[in-house]
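Below is one structure, written out as structure tokens; comments come after it.
Scope of the values below: all heavy atoms of this structure, side chains included, with no hydrogens, waters or symmetry mates. First listed ligand is number 1; within each ligand, the first listed atom is number 1.
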Amino acid sequence: MIISGKDISTQLKDKLKERVEILKKENKRIPKLAVILVGDNQASQVYVRNKERACQYVGIQSQMINREASISEKELIDIIRQLNVDESVDGILVQLPLPKHINEDRILNVIDPLKDVDGFHPSNVAKLFLNQKALTPCTPKGMMVLLDKINYDLEGKEVVVVGRSHIVGKPVSMLCLQKNATVTIAHSHTKNLKEVCKRADVLIGAVGKAKFFNRNYIKKGAVVLDVGINRDENNKLCGDVDFDDVKDIVSYITPVPNGVGPMTITMLLSNTLDAYEQREGL
Ligand code: GUN
């Protein structure tokens, strides 16, 4: 069974759109997301454009801020500080990666945690660890919604997350742990990776390698969530999972494209609306 992140994200966006329409009818302030893009990384440009389009679709205002790769760390910090105190801005997102001369940690630290719609600020990360309510990273949050949509109960299940990034691997592990799964975080140094993955009732592939996981990594009937966005040998978009090789043995799988990806953007909109409601005391 293919989990269509595209269809599910469209349904969710329509619900978010209704929430914004109610605000408009009530003459309330409209939620606003500010997105900062530094440099000319092509993938980042595509992501940022998609985020802007998604905002338009649901009626959230977007403020796009483009700066040359040569911007100084201090100048970037000043932009964020201005957005922090701008009452009309509910969400602030700094598209990653940043140019090498800018320290990502220092930048993410400056974002007001209440406007941190990526959930990357240390205080939001800490809250995720402590099961406290907070803005949650978008891709992991989207994956949990997908599992929810197929009525998958994680309690007592073996989840293997391959990849330990701050954006995906670590936070999704925490969310699965909150749902009482038994979570293994595997990575490039893991021994016997195939055997580890074969234990998984839910395999989360987030390694960034085209078609890395074939059927030798997967237990029959497993649920597979594919976070990769890669190009295959024919320059075609593909995931970390070799979809055609595994599709007959899995119970559910997310495709690439139109799987996890569209959910990420929808969760960004959802986080922006949540931040708005929190700030407005709604
Ligand atoms: N670059 C790749 N993924 C992400 C993400 O989720 N948020 C931001 N800000 N940058 C990214």
**Asked** Under 6.0 Å from the six-membered ring centre of Tyr152 and within 45° of its axis: does the NZ or CZ of Lys157 meet both?
**Response**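 Here Lys157 passes the 6.0 Å and 45° test against Tyr152.
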### Query
Are any of the N or O atoms of Gln95 closer than 3.5 Å to those of ligand 1?
yes
Using distance alone, determine whether Pro97 and ligand 1 share an N or O pair under 3.5 Å.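 So ligand 1 has no N or O lying under 3.5 Å from an N or O of Pro97.
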key: Derivation and outcome, salt bridge (charged side-chain N to carboxylate O under 4.0 Å, His left out), residues Arg19 and Asp274   = CA-CA 11 Å; Arg19 274 165 71 186; Asp274 287 350; 3.5 Å; yes
Near Leu96 (heavy-atom distance under 4.0 Å), the atoms of ligand 1 are 1 (N), 8 (C), 9 (N), 10 (N), 11 (C)
Near Leu93 (heavy-atom distance under 4.0 Å), the atoms of ligand 1 are 9 (N)
Tested for side-chain contact (heavy atoms from CB on, under 4.5 Å) against Met267, the lone hit among Pro137, Pro140, Ser9, Cys138 is Cys138
Looking only at protein heavy atoms, what sits closest to atom 4 (C) of ligand 1 is Ile167 CD1, 4.1 Å
Using a strict threshold of under 4.0 Å (side-chain N to carboxylate O), is an ion pair present between Lys211 and Asp245?
no
Quick look: Asp118 vs ligand 1, heavy-atom contacts under 4.0 Å, and the answer is side chain
* Whether over 12 other heavy atoms sit under 6.0 Å from Glu87 CD -> no
Heavy atoms from other residues, nucleotides or ligands near NZ of Lys24 exceed 12 (cutoff 6.0 Å):
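Yes, NZ of Lys24 has more than 12 neighbouring heavy atoms, counting only those of other groups under 6.0 Å.
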- Task: Would you please determine whether Phe120 falls within less than 4.0 Å of ligand 1 on a heavy-atom basis?
- Result: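 Yes, Phe120 has a heavy atom closer than 4.0 Å to ligand 1.
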Exercise. Does some non-hydrogen atom of Val94 fall short of 4.0 Å from ligand 1?
Worked result: yes
